[in-house]
Colleague: 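Sharing a structure below in structure tokens format, with a few things to ask.
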Amino acid sequence: KAGVTQTPRYLIKTRGQQVTLSCSPISGHRSVSWYQQTPGQGLQFLFEYFSETQRNKGNFPGRFSGRQFSNSRSEMNVSTLELGDSALYLCASSSRGHPGTQYFGPGTRLLVL
Amino acid sequence: QKEVEQDPGPLSVPEGAIVSLNCTYSNSAFQYFMWYRQYSRKGPELLMYTYSSGNKEDGRFTAQVDKSSKYISLFIRDSQPSDSATYLCAMSVQDSGTYKYIFGTGTRLKVLA
């Protein structure tokens with residue numbers, strides 16, 4: 001079974017721009033979560049989607065948004081980028097069969113200049 | 001107080017040593033306990049997953065959960081240089097129809113050849 005895939009793997013943007021990241025979960029997984037990982041803060045939860053509905057949201061500003069499509073693929077958008085948004089953005093999926101666990105993708109490394 | 005505490009390390013051990021990695025937690029409602037391994041610039045990889053007190057073994061890895069002490073451990077036997085990575089503990093609990101995941105900050109492990 002293919003794992004979680006994320007595109008692109010690397011991005012360089014400048015302040016003020018916007019960015020869209022994509023995540024394809026493991027086949028059959030309907031829950032997708034997004035995390036931001038930085039050396040200082042560790043893994044911070046952004047939001048979770050299940051069946052195209054946002055079920056949970058972390059403490060991030062409204063510049064961070066997401067959506068999920070009917071095939072469970074998910075996108076995350078960050079508008080008006082700031083230097084502090086430079087991070088590894090991770091997507092994780094989970095299944096009904098193992099609801100308490102998550103499987104992560106390789107991440108998208110975003111650098112904001 | 002953080003819900004999950006994990007010593008950041010770094011922890012350096014010689015090849016072949018037994019490694020013990022630990023996390024403590026404060027929320028007695030946590031149901032699932034996970035260990036992830038994260039290599040530099042990669043996404044976290046799920047190593048072990050358990051939901052009950054006691055030990056669970058998988059090859060050179062043993063996960064131990066002590067719910068009465070709110071303490072979990074990961075033991076690595078016959079450690080190899082390829083085990084050098086950051087190890088994240090994670091816990092989850094069902095909350096309003098979804099799962100809330102809390103991650104430790106990670107322990108950096110270096111196994112010296």
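Quick caveat: nothing in here was measured; it's all calculated off a predicted structure. Per chain, numbering begins at 1; letters A, B, ... match sequence-line order.
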Colleague: Heavy atoms, side chains only, cut-off 4.5 Å: are A:Gln102 and B:Tyr36 in contact?
Modeller: yes
Colleague: Just grab all the salt bridge (Lys or Arg N to Asp or Glu O under 4.0 Å) pairs involving residues 36-51 of chain A, residues at least two apart or on different chains.
Modeller: A:Glu48-A:Arg55
Colleague: If you define the side chain from C-beta out and look only at heavy atoms, does anything of A:Ser94 sit under 4.5 Å from B:Tyr101?
Modeller: yes
Colleague: Supply the atom-to-atom distance B:Thr86 OG1 to A:Gln37 CD, rounded to the nearest 0.5 angstrom.
Modeller: 8.5 Å
Colleague: Hey, is CD1 on A:Ile12 packed in by over 12 heavy atoms from elsewhere, all under 6.0 Å?
Modeller: no
Colleague: Can you tell me if CZ on B:Arg60 sees more than 12 non-hydrogen neighbours from other groups inside 6.0 Å?
Modeller: yes
Colleague: With clusters defined by side-chain heavy atoms of hydrophobic residues (ILVMFWY) lying less than 4.5 Å apart, directly or transitively, does B:Phe103 cluster with A:Tyr103?
Modeller: yes
Colleague: Does OH belonging to B:Tyr51 count more than 12 external heavy atoms closer than 6.0 Å?
Modeller: no
Colleague: Between B:Leu88, B:Val93, B:Thr105, B:Leu46, which has the largest tally of heavy atom pairs under 4.5 Å with chain A?
Modeller: B:Leu46
Colleague: Any chance NZ of A:Lys57 has more than 12 other-residue heavy atoms, nucleotides or ligands included, within less than 6.0 Å?
Modeller: yes
Colleague: Is there a chain of hydrophobic side chains (I, L, V, M, F, W, Y, each step under 4.5 Å between heavy atoms) that links B:Leu21 to B:Val13?
Modeller: yes
Colleague: Please look at B:Gln38 and chain A and tell me whether the side chain, the backbone, both or neither of the residue comes under 4.5 angstrom of a heavy atom of that chain.
Modeller: side chain
Colleague: Just to be sure I understand the criterion: a residue of residues 63-93 of chain A counts if one of its heavy atoms is under 4.5 Å from a heavy atom of chain B. Which ones qualify?
Modeller: A:Leu88, A:Leu90
Colleague: Looking only at heavy atoms and a cut-off of under 4.5 Å, which of B:Arg41, B:Glu45, B:Lys42, B:Gln31 has the most pairs with chain A?
Modeller: B:Arg41
Colleague: Determine which pairs satisfy ring pair (Phe, Tyr, Trp, His ring centres under 6.0 Å) with at least one residue from residues 70-95 of chain B, sequence neighbours left out, and list them in order.
Modeller: none
Colleague: Pick one of side chain, backbone, both or neither for B:Ile102, based on which atoms fall under 4.5 Å of a heavy atom in chain A.
Modeller: neither
Colleague: Going by side chain to side chain contact (heavy atoms under 4.5 Å, CB included), name the residues that satisfy it together with B:Ser52, two or more places apart in sequence or in a different chain.
Modeller: B:Thr50
